[in-house]
Amino acid sequence: MFQGLTGWHLLIVLAVILLLFGAAKLPALAKSVGQSARVFKSEMKEMKRDDEVVAPTPEAPRATETGTASTAAPEPRRSNDPTI
């Protein structure tokens with residue numbers, strides 16, 4: 001895909017970027033791109049960590065001390081919505 005590109009091509013692309021954005025705006029543009037990349041990377045790590053925590057394999061019901069399976073229903077989730 002990029003085998004035919006030479007140093008001249010890169011120079012032309014950089015010149016076009018400089019003309020479009022101007023020399024004064026390039027540092028701010030680079031800073032915002034860096035911040036966006038950092039946020040994206042941290043969100044991806046957070047999603048991977050959430051997947052590791054939430055995705056345990058379902059297991060068969062475990063026996064209690066008396067040797068029978070637990071039949072207690074799980075407690076219902078409470079909503080944080082004050083309008084309910």
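Numbers here are sequence positions counted from 1.
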Does one hydrophobic cluster hold both [X] and [Y], with members joined at side-chain heavy-atom distances below 4.5 Å?
{"X": "Ile17", "Y": "Leu11", "result": "no"}
{"X": "Leu20", "Y": "Leu29", "result": "yes"}
{"X": "Val16", "Y": "Leu26", "result": "yes"}

**Request:** Answer yes or no: is there a side-chain heavy-atom contact under 4.5 Å between Gln35 and Val39?
**Result:** no
**Arg49 bridged to Glu52 by N-O distance under 4.0 Å** = no
**Request:** Give, for atom CG of Asp51 and atom CE of Met47, the distance between the pair rounded to the nearest 0.5 Å.
**Result:** 6.5 Å
**Request:** Check each of Leu10, Leu18, Ile12 against Leu14 using the side-chain contact (heavy atoms from CB on, under 4.5 Å) test, and report the only one that passes.
**Result:** Leu10
